[in-house]
Amino acid sequence: MEKSFNNHRNFVSTISHEFRTPLSILITELELAKELNKTIDDYKISIDNALEDANRASELSSALLDFARASYDISQINLKTIRVDEVLADAKLNVINKNGQYRVAIQYDNDVTSESSFFDMEGNPYLLQVAFVNLIENACKYSRDNTCNVKISNDDKTIQLHFSDNGAGIDSEDIPHIFDLFFRGKNKKSEKGNGVGLSIVHQIITIHNGKIDVKSKLGKGSVFLVSLPLEI
């Protein structure tokens with residue numbers, strides 16, 4: 001109980017700290033607009049900047065809500081028989097609808113087809129789609145051509161998914177920490193983010209008794225490997 005209480009206290013403290021930055025920037029932007037703006041163009045620029053800050057805070061709040069949902073005990077989550085490849089297809093559409101510049105290619109292993117019943121498992125489709133969306137968006141965001149390649153395969157006990165990008169790769173010193181909440185690696189300057197997405201993915205895969213790992217080389221991109229059991 002003490003450990004749970006301390007984790008909760010640290011989590012709340014960290015969330016408060018993370019929200020303070022975008023909200024402070026938003027408040028400052030609006031205060032300056034009120035005091036210094038003189039023309040309609042000045043106000044338009046201030047409104048655009050304020051909207052960007054507000055959207056960043058909104059994205060952070062949504063990510064933290066997903067993280068909280070992913071932190072539930074598996075016994076408290078509604079499970080049903082799902083097709084993992086269908087959830088993956090829905091995640092692909094979700095990403096493309098949000099950003100038309102992103103491209104996602106899904107490839108089945110040579111030994112299986114899209115009709116294979118081996119992609120059935122007990123899981124929560126909402127949470128798994130959240131995990132897949134985060135992995136696809138990350139790959140597209142860091143790829144030089146905004147493309148994520150996903151390979152799906154199976155064996156008698158597990159379903160495997162490989163999410164690949166052709167980006168700058170992850171520094172070897174960062175790899176042990178990339179699933180930590182709010183951690184951002186040395187490539188954080190190249191793309192915007194809040195350091196929550198991969199923590200959400202890790203939580204979701206874990207509560208489904210799955211495993212996630214990453215292989216990466218600087219200058220050659222990264223591959224996130226997800227393994228999900230056919231039975232939880």
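Index from 1, following the sequence. Fair warning: this is a prediction, and the values are worked out from it, not measured in the lab. Because only heavy atoms are used, hydrogens play no part in the values below, and waters and symmetry mates are left out as well, while side chains stay in.
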Peer 1: Please check if the side chain of Asn97 supplies one atom and the backbone of Leu93 the other of a donor-acceptor pair under 3.5 Å.
Peer 2: yes

Peer 1: Is there a side chain to side chain contact (heavy atoms under 4.5 Å, CB included) between Leu230 and Asn154 once you walk through the steps?
Peer 2: CA-CA 9 Å; Leu230 293 175; Asn154 58 39; 5.9 Å; no

Peer 1: For Asn149 and Gln107, what are the C-alpha separation, side-chain angles and deciding distance, and is it a side chain to side chain contact (heavy atoms under 4.5 Å, CB included)?
Peer 2: CA-CA 8 Å; Asn149 292 300; Gln107 174 188 359; over 6 Å; no

Peer 1: Find out if a path of hydrophobic residues (ILVMFWY) with successive side-chain heavy-atom gaps under 4.5 Å connects Leu161 to Ile106.
Peer 2: yes

Peer 1: Is there a side-chain contact between His162 and Val150, using heavy atoms and a 4.5 Å cut-off?
Peer 2: no

Peer 1: Kindly compute the distance separating CG (Asn146) from NZ (Lys141), expressed to the nearest 0.5 Å.
Peer 2: 11.5 Å

Peer 1: Other hydrophobic cluster members with Leu32, side-chain heavy atoms of Ile/Leu/Val/Met/Phe/Trp/Tyr under 4.5 Å, chained?
Peer 2: Leu36

Peer 1: Show the nearest heavy-atom pair for residues Ala139 and Asp165, with the distance to one decimal.
Peer 2: O-CB, 3.4 Å

Peer 1: Is the closest side-chain heavy-atom distance between Asn134 and Ile204 below 4.5 Å?
Peer 2: no

Peer 1: Can a side-chain donor-acceptor contact be found between Thr158 and Asp155 if the only test is distance below 3.5 angstrom?
Peer 2: yes

Peer 1: Return the CZ to CD1 distance between Phe224 and Ile212, rounded to the nearest 0.5 Å.
Peer 2: 6.5 Å

Peer 1: Can you tell me how far apart CG (Asn37) and CG (Leu30) are? Round to the nearest 0.5 Å.
Peer 2: 10.0 Å

Peer 1: Is there a donor-acceptor contact under 3.5 Å linking the side chains of Gln160 and Ser153?
Peer 2: yes

Peer 1: Any chance you could lay out the side chain to side chain contact (heavy atoms under 4.5 Å, CB included) test for Glu86 and Ile82, step after step, and finish with the verdict?
Peer 2: CA-CA 8 Å; Glu86 291 179 355; Ile82 59 173; over 6 Å; no

Peer 1: Please say which of Ser164, Ser143, Ser216 ends up in a side-chain hydrogen bond (donor to acceptor under 3.5 Å, both in side chains) with Ser222.
Peer 2: Ser216

Peer 1: Compare every heavy atom of Ser172 with every heavy atom of Pro176, then report the nearest pair and how far apart it is.
Peer 2: CD-O, 3.4 Å

Peer 1: Kindly give the heavy-atom pair with the smallest separation between Cys148 and Phe163, and that separation in Å.
Peer 2: SG-CD2, 4.3 Å

Peer 1: Starting at CG of Asp48, measure out to CD of Glu29 and round the result to the nearest 0.5 Å.
Peer 2: 9.5 Å

Peer 1: Once rounded to the nearest 0.5 Å, what's the spacing between atom NE2 of His202 and atom CD1 of Ile205?
Peer 2: 9.5 Å

Peer 1: Indicate whether the side chain of Tyr108 and that of Asp85 have a donor and an acceptor atom separated by less than 3.5 Å.
Peer 2: yes

Peer 1: Write down the atom of Glu173, the atom of His177, and the distance for their closest heavy-atom approach.
Peer 2: O-CD2, 3.4 Å

Peer 1: Please report the C-alpha distance between Leu127 and Ile207 in whole Å, then the side-chain angles of each, then the deciding distance to 0.1 Å, and finally whether the side chain to side chain contact (heavy atoms under 4.5 Å, CB included) criterion is met.
Peer 2: CA-CA 10 Å; Leu127 290 177; Ile207 64 174; 3.8 Å; yes

Peer 1: Measure the spacing between CG of Asp171 and CD1 of Ile178 and express it to the nearest 0.5 Å.
Peer 2: 11.5 Å

Peer 1: Heavy atoms only: give me the nearest Cys140-Val104 pair and the separation to one decimal.
Peer 2: SG-CG2, 4.2 Å

Peer 1: I'd like to know if the side chain of Thr147 reaches the main chain of Asp145, judged simply by a donor and an acceptor atom lying under 3.5 Å from each other, with no hydrogens or angles considered.
Peer 2: yes

Peer 1: Show the nearest heavy-atom pair for residues His208 and Met121, with the distance to one decimal.
Peer 2: CD2-CE, 4.2 Å

Peer 1: Got a sec, which residues hit side-chain contact (heavy atoms from CB on, under 4.5 Å) with Val133, two or more places apart in sequence or on another chain?
Peer 2: Ala91, Asn94, Val95, Lys98, Gln129, Glu137

Peer 1: Is there side-chain contact between Lys44 and Ile47, with at least one heavy-atom pair below 4.5 Å?
Peer 2: no

Peer 1: For the residue pair Asp120 and Thr81, confirm or rule out a side-chain donor-acceptor distance under 3.5 Å.
Peer 2: no

